Number of protein chains: 2
Amino acid sequence: MEDIQTIRVLAVDDHEMTTLGYKFILEDYSFNGYRIHMDTAKSFEEAETKIRQSVTGLPYHIFLLDIQLSSGREGPVKSGEDLGILAREICPDARVVFMSSFSDNYRINSIMQSVDPDGYMVKTEIDEESLRAMVETVLHNPPYYTQKALMAIRKKMANRIELDDNDKRILYHLSIGTKTKDMVNHISLSLPSIENRKRHIKSLFGIEKQNDQALISEARNRGFI
Amino acid sequence: MEDIQTIRVLAVDDHEMTTLGYKFILEDYSFNGYRIHMDTAKSFEEAETKIRQSVTGLPYHIFLLDIQLSSGREGPVKSGEDLGILAREICPDARVVFMSSFSDNYRINSIMQSVDPDGYMVKTEIDEESLRAMVETVLHNPPYYTQKALMAIRKKMANRIELDDNDKRILYHLSIGTKTKDMVNHISLSLPSIENRKRHIKSLFGIEKQNDQALISEARNRGFI
DNA sequence: AGAAAAACCATATAAACTTTATGGTTTTTC
DNA sequence: GAAAAACCATAAAGTTTATATGGTTTTTCT
């Protein structure tokens with residue numbers, strides 16, 4: 001980010017108060033060598049429009065994206081994650097930062113893979129100081145993760161067990177209460193295979209001969225769900 | 001870490017100046033509610049002795065470990081990584097922090113899996129302020145990673161390709177210049193298998209029909225080495 | 001430039017692992 | 001305590017991975 005005078009930020013959150021908070025804090029602060037101009041959007045569609053317009057107009061340097069966006073219209077529900085993917089496509093040079101209420105492993109892992117954001121802030125950890133530190137870091141030396149995000153990331157990194165997509169799907173369905181016998185409708189494996197894999201994962205987790213409750217809690221412990 | 005008055009730290013580095021630096025900075029600073037007492041060790045053996053003695057005496061709360069330790073005697077070369085594993089075994093409640101010259105992905109990934117340290121500092125990024133911040137964070141809200149460590153971690157997290165241990169070993173040996181035909185001495189696979197795996201990894205990386213140089217650089221890009 | 005080494009490729013066979021079908025036992029659930 | 005679901009075991013089929021072998025291409029060194 002060369003010697004730009006004004007850093008243009010687009011903050012997207014369906015709670016207007018939130019983006020307003022960001023705006024007041026960041027526009028008022030005098031950063032070293034630049035100042036912030038903040039735009040806001042309240043929905044996926046509004047944000048998409050502004051992002052697309054920015055290509056021919058003034059470009060954004062930073063996107064602050066909430067993950068939960070109320071779906072403005074019918075059709076497939078679009079999340080902040082999709083918005084992040086879109087932003088990466090359209091403005092590959094801009095920084096993408098997630099501002100999320102979630103600090104669960106599954107969400108963070110998924111976003112780290114699909115978007116690889118330059119920052120991830122858990123909302124309960126956001127204050128004036130961390131907001132400013134995030135902007136500085138993200139511009140000059142990304143990434144910036146708040147502590148709770150770091151804890152999820154650490155859990156994932158410390159994990160030496162590798163599960164393939166089918167294993168992860170099984171764990172996910174277990175966690176949302178899908179019955180094993182019904183998983184054949186969601187996963188292209190036979191029932192004995194699924195049973196086998198569950199047994200295998202349990203042994204990887206060191207909880208042989210225990211029930212599914214133990215499997216779920218261990219998977220959660222290890223950051224898979 | 002309840003209401004302890006003195007936090008006992010053991011710093012291990014074969015450069016005495018380094019541990020002395022830590023000692024002066026941390027013992028002089030007045031933390032909120034505690035002060036630091038620093039012990040130092042210059043070799044694996046000396047550190048091991050002090051760790052084992054601490055069990056029956058005054059326990060350590062934090063270990064600051066260099067990864068490169070000159071091997072004091074013959075026998076298998078022990079690294080700071082081994083020391084970390086040992087510390088975890090003997091003092092499971094203590095914090096383990098690596099102070100490393102390395103910021104390469106392979107080293108960091110390996111340590112994140114084998115020790116899962118509460119902190120990782122790249123030496124070029126250590127100064128008085130970061131040292132103090134590390135102590136505070138590691139005691140109250142681990143983990144603490146410096147920016148370069150974070151960058152390696154981010155790369156790894158963003159990666160969706162999963163390689164098994166043999167694949168990683170092949171990449172590692174490639175990176176240190178081991179000839180493919182000699183890898184059979186380090187990896188329990190036949191030569192054709194190794195060739196096959198290399199081809200397979202290249203296709204995963206999207207660099208089919210290219211040479212080993214391309215493979216190494218792509219593996220480095222993706223955070224495997 | 002040319003010989004030697006290493007890398008690379010292709011094929012066939014062997015070995016290891018996964019999936020599946022089937023039929024049974026144990027545990028949960030209501 | 002009956003029904004449902006989970007769990008287990010075995011054998012056969014299918015798939016993947018490893019290996020042996022022998023060849024071609026590329027790199028390296030002089």
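Only this structure's heavy atoms are used, side chains among them; waters, hydrogens and symmetry mates stay out. Predicted model, so just to flag it, every value in this text is computed and none were measured. Within every chain, numbering begins at 1; the chains are lettered A, B, ... in the order of the sequence lines, protein sequences first and strands thereafter.
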Taking only nitrogen or oxygen atoms into account, show me every contact under 3.5 Å that the protein makes with nucleotides 20-25 of chain C, one pair per line with its distance.
{"from": "C:dT20", "atom 1": "OP2", "to": "A:S190", "atom 2": "N", "distance (Å)": "2.6"}
{"from": "C:dT20", "atom 1": "OP2", "to": "A:S190", "atom 2": "OG", "distance (Å)": "3.0"}
{"from": "C:dT20", "atom 1": "OP2", "to": "A:S193", "atom 2": "OG", "distance (Å)": "3.0"}
{"from": "C:dT20", "atom 1": "O5'", "to": "A:S190", "atom 2": "OG", "distance (Å)": "3.3"}

Anything under 3.5 Å between a protein N or O and an N or O of nucleotides 11-16 of chain D, put it in a table, one pair a line.
none

Item to complete: Report the C-alpha separation of B:E162 and A:K168 in whole Å, then their side-chain angles, then the decisive distance to 0.1 Å, and conclude whether the salt bridge (charged side-chain N to carboxylate O under 4.0 Å, His left out) test is met.
Response: CA-CA 14 Å; B:E162 289 182 2; A:K168 288 179 195 156; 3.5 Å; yes
Item to complete: Kindly indicate, with the supporting measurements, whether the criterion salt bridge (charged side-chain N to carboxylate O under 4.0 Å, His left out) is fulfilled by B:R197 and B:D167.
Response: CA-CA 7 Å; B:R197 278 171 177 265; B:D167 290 333; 2.8 Å; yes
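Counting only N and O atoms by type, the side chains of B:S114 and B:E81 include a donor and acceptor under 3.5 Å apart. No side-chain N or O of A:S193 forms a donor-acceptor pair with one of A:N196 less than 3.5 Å apart. In summary, the side chains of A:S100 and A:K123 do not present any donor paired with an acceptor at a separation below 3.5 Å, with no hydrogens or angles considered.
Atom NZ in A:K202 sits about 11 Å away from atom C1' in D:dC8, given to the nearest Å.
In terms of heavy-atom proximity, A:I161 sits nearest to A:F224 at O-CZ, 3.6 Å. Shown here for A:I126 and A:M99, the closest heavy-atom pair between the two residues is CD1-CE, 3.8 Å. Contact between B:Y22 and B:L64 at its shortest, heavy atoms only, is CD1-CD1, 4.2 Å.
In this structure, A:I187 and A:N166 have side chains that are in contact, with non-hydrogen atoms separated by less than 4.5 Å. Taking the side chain as every heavy atom from C-beta outward, A:M121 and A:F98 never approach each other to under 4.5 Å. Residues A:I67 and A:S101 have side chains not in contact (no heavy-atom distance under 4.5 Å, counting atoms from C-beta outward).
The existence of a salt bridge linking B:R154 and A:D118 is confirmed by a sub-4.0 Å separation between a basic side-chain nitrogen and an acidic carboxylate oxygen. A salt bridge does not link A:R88 to A:D93: none of the charged side-chain nitrogens sits closer than 4.0 Å to a carboxylate oxygen. With respect to the salt-bridge test (charged N to carboxylate O, under 4.0 angstrom), the residues A:K42 and A:D13 do not qualify.
For A:R199 and D:dC8, the shortest distance from a side-chain N or O to OP1 or OP2 is below 4.0 Å.
Within a 6.0 Å radius of CE in A:M157, other residues, nucleotides and ligands contribute more than 12 heavy atoms. Residue A:Y172 qualifies as open at atom OH: its count of foreign heavy atoms under 6.0 Å is 12 or below.
Listed by residue number, B:K179, B:T180, B:K181 are the residues of residues 178-185 of chain B with a heavy-atom contact under 4.0 Å to DNA chain C. For residues 208-215 of chain A, proximity to DNA chain D is found at A:K209, A:N211, A:D212, defined as any non-hydrogen atom under 4.0 angstrom from a strand atom. Interface residues of residues 163-177 of chain B facing DNA chain D, ordered by number: none; criterion, heavy-atom separation under 4.0 Å.
Remark: DNA chain C takes part in the stems C:1-30 with D:1-30, each of 3 or more antiparallel Watson-Crick or G-U pairs, criterion distances under 3.5 Å.
Because its NZ or CZ atom is not both nearer than 6.0 Å to the ring centre of A:F63 and within 45° of the ring axis, A:R95 does not count as a cation-pi partner of that residue.
The distance from atom OH of B:Y144 to atom CD of B:E136, rounded to the nearest 0.5 Å, is 11.5 Å.
Between B:H200 and A:K198, the one whose closest nucleotide on DNA chain D sits nearer the 5' end is A:K198.
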